[in-house]
Amino acid sequence: MKLQHVDIHNAITALSCALDLVGVDEVRHGKRVAIMANSIARRLNWPELECLSSLYAGMLHDCGVSRIHEHRRLTETLEWDGAEDHCIRGAAYLSACQPLAHLSTEIRYHHTRWEKLLESPIDHQLRLRANLLYLADRIDMLQAPFLNSDRILIEYPEIIAHIKTLSGVFFAPELVDAFADIADVEAFWLAMEPEYLDEDLHRIGRHIPTTPLGIPALKELARLFSRVVDAKSPYTNEHSQRVAHIARQLAMDFGIAGYELEQIEIAGLLHDIGKLRVSEDIIDKPGSLTQDERATMHRHSYDTFRILQRVFDDSKIPIWAGFHHETLIGDGYPFKNGNKELDLECRIIAVADIFQALAQERPYRHPMSLEYIVNNLQSRVASGHLDAKVVAKLTENAELYYRLAMA
C-alpha cells in the first residue's frame with residue numbers, strides 16, 4: 001500500500017481554515033481557540049502530546065457545525081438550548097476518522113459545564129481537556145466584539161473578571177487560574193490578531209515531523225470533511241460521497257487503477273469543501289439566485305482549490321477537485337480553463353458532480369429521471385461543455401451510475 005507523507009499539523013490547520021469559512025464574517029475562531037487552549041495547557045505543564053491534542057482539538061472543535069445560522073449562535077451567548085447538538089455531531093464525525101478519533105471525547109463535551117462534567121463517567125484528564133475547549137471557546141465569544149481593535153487592551157480585565165465568576169460552575173478552577181495568570185498581559189490578547197495567529201501556528205508546526213498515512217487514513221480524513229460539507233443542507237446529503245463513488249467507477253471504466261484511482265475518489269469527496277462559505281439560505285433557496293448569490297456560489301470551487309493545496313501540495317487532488325466547474329470551451333469557473341488544460345480526472349469529476357446533482361432532490365425541483373439526466377449530459381456535450389468520451393462511458397452503464405447516485 002502506497003503511503004503519502006502528510007503534514008498532519010498543516011492538514012489540520014488547512015481544514016480549520018475550511019471550518020472557518022462557515023463563520024463568513026467571523027473567521028479564525030478555531031485558530032484562536034486552539035492557541036488559547038494550547039497556551040493554558042502549557043501553563044499547566046501538561047505533557048507535550050496533550051498540549052498538541054488541545055491545539056488540534058481547538059482547531060477542529062466546531063467540525064459539527066456546517067450551517068452559518070448555527071455558527072452565529074456560537075458567538076452570541078454563553079449557553080443556549082441545543083448547544084450540544086453540534087458537539088454530538090462533531091464527536092461522531094471524529095470517531096469515524098481514525099487519525100483524529102482520539103479527539104472525539106473532548107469535542108463531545110466541549111459545551112458541558114464543569115459541574116456536570118464532574119458527574120460524567122469519563123477520565124478526569126479528559127474532563128479537563130473538554131472543559132479547556134469550552135473555556136477557550138467562551139473566552140473567544142467574550143473578546144469577539146473587540147477583535148483586531150486596540151479596544152481589547154481596555155476590555156480584557158473585564159473578560160478575565162467575568163471568567164473568574166464562572167469558576168467551579170462552568171469551568172474547572174485550575175483552568176480558570178491558569179488562564180487568569182497568562183491573560184493578564186497585553187501580549188496574550190494581541191497574539192489573537194490574524195497574522196500573528198498564522199505565524200504562531202506555522203512556528204509550532206515546524207517542529208512536528210510529517211506522518212506517513214496510508215490511503216485508508218487519507219480517505220477517512222476526506223470523508224470527515226465531506227460529511228461536514230454535505231450536512232449544510234438536507235438537499236446535499238451525501239452528495240460528496242456519491243460523487244466520489246461515481247468518479248471512482250468512471251475512472252475504473254477508463255482503466256485508471258492504483259494510487260491515481262484512490263486520489264480521484266479523495267478529490268470527489270472533497271470537491272465541495274469550499275462550499276462551507278456558502279450560506280444555507282443560498283443552497284436551500286427554491287428560486288433563482290440573485291447576481292450576488294450566484295457570485296458567492298461561484299467562488300466555492302476556488303476556495304476548494306486553495307484549501308486542498310495546503311493539504312495535498314504534492315498531488316493533483318487540488319486541481320481535480322477545484323476544477324469541477326470548468327468546461328471544455330473555457331467558460332466555466334474559477335479559472336476559465338479549456339480543453340487542453342483539463343485532465344481526464346477533472347472531466348470525470350465534472351460529469352460525476354452534474355450527474356449526481358441532477359439525480360438528487362433540490363429545493364427548486366424533484367430528482368430527475370435517468371432518461372432526463374442522460375439527455376441533459378448529452379446536450380452539454382453538444383454545447384462543448386462536457387467531455388464526450390466521459391459521458392459516453394457513463395451512458396454505456398447508466399443504470400449502475402444511477403444506483404450509485406441514489407444509493
Side-chain angles (χ1 to χ4, degrees), residues 222 229 239-240 242-257 259-275 277-278 282 288-289 291-359 368 372-396 398 401 405:
V229 173
H239 168 71
S240 299
R242 294 174 188 178
V243 168
H245 292 325
I246 294 167
R248 180 186 178 92
Q249 184 62 49
L250 272 170
M252 290 170 62
D253 287 349
F254 274 99
I256 296 171
Y259 187 53
E260 186 177 353
L261 178 64
E262 306 297 347
Q263 288 185 97
I264 292 172
E265 184 175 353
I266 291 170
L269 285 166
L270 295 173
H271 76 283
D272 269 347
I273 194 170
K275 203 172 276 186
R277 181 192 293 271
V278 182
I282 296 176
S288 300
L289 300 183
Q291 187 177 25
D292 287 345
E293 290 167 342
R294 193 173 297 109
T296 298
M297 184 67 83
H298 274 207
R299 70 165 296 152
H300 83 272
S301 52
Y302 183 74
D303 288 327
T304 289
F305 174 73
R306 294 303 296 262
I307 290 165
L308 296 183
Q309 273 190 321
R310 299 169 189 161
V311 184
F312 302 102
D313 61 350
D314 62 345
S315 163
K316 282 202 165 185
I317 288 173
I319 293 173
W320 297 346
F323 286 17
H324 71 277
H325 283 294
E326 300 292 342
T327 69
L328 300 187
I329 59 174
D331 65 350
Y333 59 88
F335 295 103
K336 291 193 171 10
N337 288 328
N339 188 353
K340 294 180 180 179
E341 299 167 291
L342 297 177
D343 296 340
L344 172 61
E345 293 82 359
C346 298
R347 303 167 191 228
I348 285 173
I349 292 175
V351 170
D353 178 52
I354 294 170
F355 184 87
Q356 203 288 321
L358 290 173
M368 299 292 99
Y372 176 92
I373 296 171
V374 169
N375 288 337
N376 183 286
L377 294 179
Q378 289 173 343
S379 70
R380 294 174 192 248
V381 170
S383 65
H385 289 85
L386 293 181
D387 186 285
K389 292 181 180 178
V390 176
V391 172
K393 189 70 71 173
L394 182 148
T395 304
E396 287 173 11
Y401 286 105

Trainee: Glu345 pairs by side-chain contact (heavy atoms from CB on, under 4.5 Å) with which of Leu261, Leu250, Ile319, Ile256?
Mentor: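 With Glu345 as partner, Leu261, Leu250, Ile319, Ile256 yield a single side-chain contact (heavy atoms from CB on, under 4.5 Å), made by Ile256.
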
Trainee: Who passes ring pair (Phe, Tyr, Trp, His ring centres under 6.0 Å) against His300, sequence neighbours left out?
Mentor: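 His324, His325.
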
Trainee: To the nearest 0.5 Å, how far apart are OH in Tyr302 and CZ in Arg277?
Mentor: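 Spacing of OH (Tyr302) from CZ (Arg277) equals 11.0 Å.
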
Trainee: Should Phe323 and Lys316 be marked as a side chain to side chain contact (heavy atoms under 4.5 Å, CB included) after you check the CA-CA gap, both sets of side-chain angles, and the distance that decides it?
Mentor: CA-CA 11 Å; Phe323 286 17; Lys316 282 202 165 185; over 6 Å; no

Trainee: Does Asp387 have any salt bridge (charged side-chain N to carboxylate O under 4.0 Å, His left out) partners at least two apart in sequence or in another chain, and if so, which?
Mentor: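 Residues passing salt bridge (charged side-chain N to carboxylate O under 4.0 Å, His left out) with Asp387: Arg347.
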
Trainee: May I ask you to decide if Glu265's main-chain N or O and Arg248's side chain share a donor-acceptor pair within less than 3.5 Å?
Mentor: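 Between the backbone of Glu265 and the side chain of Arg248 there is no qualifying donor-acceptor contact (under 3.5 Å).
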
Trainee: Taking all atoms of both residues into account, what is the closest heavy-atom pair of Gly268 and Val243, and its distance?
Mentor: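 Where Gly268 meets Val243 most closely, the heavy atoms are O-CG1, 4.3 Å.
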
Trainee: For the pair Gln356 (side chain) and Ala405 (backbone), establish whether a donor and an acceptor sit closer than 3.5 Å, ignoring hydrogens and angles.
Mentor: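 Yes; judged by distance alone, with no hydrogens or angles, the pair exists.
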
Trainee: Determine the minimum heavy-atom distance between Ala251 and Ile264, stating which atoms define it.
Mentor: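 Distance-wise, the nearest heavy atoms are CB-CD1, 3.5 Å.
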
Trainee: Tell me every residue that passes ring pair (Phe, Tyr, Trp, His ring centres under 6.0 Å) with Phe254, counting only those two or more places apart in sequence or in another chain.
Mentor: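 If we apply the ring pair (Phe, Tyr, Trp, His ring centres under 6.0 Å) test to Phe254, skipping adjacent residues, there are no hits.
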
Trainee: Provide the closest heavy-atom pair for Ile349 versus Ala267 in the form atom of the first, atom of the second, distance.
Mentor: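 So the two residues come closest at CD1-CB, 3.6 Å.
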
Trainee: If I take atom OG from residue Ser301 and atom CZ from residue Arg306, how far apart are they, to the nearest 0.5 angstrom?
Mentor: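 If we round to the nearest 0.5 Å, Ser301:OG and Arg306:CZ are 13.0 Å apart.
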
Trainee: Looking at His271, is its backbone amide N or carbonyl O close enough to the side chain of Thr304 to form a donor-acceptor pair, meaning the two atoms are under 3.5 Å apart?
Mentor: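 Pair found, side chain donor or acceptor close to backbone of His271.
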
Trainee: To the nearest 0.5 Å, what is the distance between CD on Glu262 and CD1 on Ile317?
Mentor: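 Going from the CD atom of Glu262 to the CD1 atom of Ile317 covers 10.0 Å.
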
Trainee: Quick one, Arg380 with Val391, criterion side chain to side chain contact (heavy atoms under 4.5 Å, CB included). Give me CA distance, side-chain angles, the key distance, then yes/no.
Mentor: CA-CA 9 Å; Arg380 294 174 192 248; Val391 172; over 6 Å; no

Trainee: Around atom CD of Gln291, are there more than 12 heavy atoms from other residues, nucleotides or ligands closer than 6.0 Å?
Mentor: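 No, CD of Gln291 has 12 or fewer neighbouring heavy atoms, counting only those of other groups under 6.0 Å.
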
Trainee: What's the separation between atom OG in Ser315 and atom CD1 in Ile266, rounded to the nearest 0.5 Å?
Mentor: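 Answer rounded to 0.5 Å: 7.5 Å.
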
Trainee: Using the side-chain contact (heavy atoms from CB on, under 4.5 Å) definition, which of the options Leu377, Val381, Val351 pairs with Val390?
Mentor: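 Result for side-chain contact (heavy atoms from CB on, under 4.5 Å) with Val390: Val351.
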
Trainee: Under 4.0 Å between a side-chain nitrogen and a carboxylate oxygen: does that hold for Asp253 and Lys393?
Mentor: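 Looking at Lys393 together with Asp253, the answer is no, because their closest N to O distance does not fall below 4.0 Å.
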
Trainee: Nearest 0.5 Å, what's the CD-CG distance between Glu326 and Leu328?
Mentor: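 Rounded to the nearest 0.5 Å, the CD-CG separation comes to 10.5 Å.
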
Trainee: Closest heavy-atom contact between Phe305 and Gly322?
Mentor: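 In this case the closest contact between Phe305 and Gly322 is CB-CA, 4.1 Å.
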
Trainee: Could you measure the distance from the CG atom of Leu289 to the CZ atom of Arg294? Nearest 0.5 Å is fine.
Mentor: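 CZ of Arg294 is found 6.0 Å from CG of Leu289.
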
Trainee: Can you give me the closest heavy-atom contact between Tyr401 and Phe355, atom names plus distance?
Mentor: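 What the structure gives for the nearest pair is O-CE2, 3.2 Å.
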
Trainee: So which heavy atom on Leu386 is nearest to which on Ala350, and how close?
Mentor: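 Leu386 and Ala350 have their closest heavy atoms at CD2-CB, 4.4 Å.
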
Trainee: Determine whether His239 and Asp353 satisfy the following criterion, side chain to side chain contact (heavy atoms under 4.5 Å, CB included), listing intermediate values before the conclusion.
Mentor: CA-CA 8 Å; His239 168 71; Asp353 178 52; 2.9 Å; yes

Trainee: Can you check side chain to side chain contact (heavy atoms under 4.5 Å, CB included) on His385 and Asp331, steps first, answer last?
Mentor: CA-CA 8 Å; His385 289 85; Asp331 65 350; 3.0 Å; yes

Trainee: Could you tell me whether the side chain of Asp303 reaches within less than 4.5 Å of the side chain of Lys275, counting heavy atoms only?
Mentor: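 Side-chain contact under 4.5 Å: no.
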
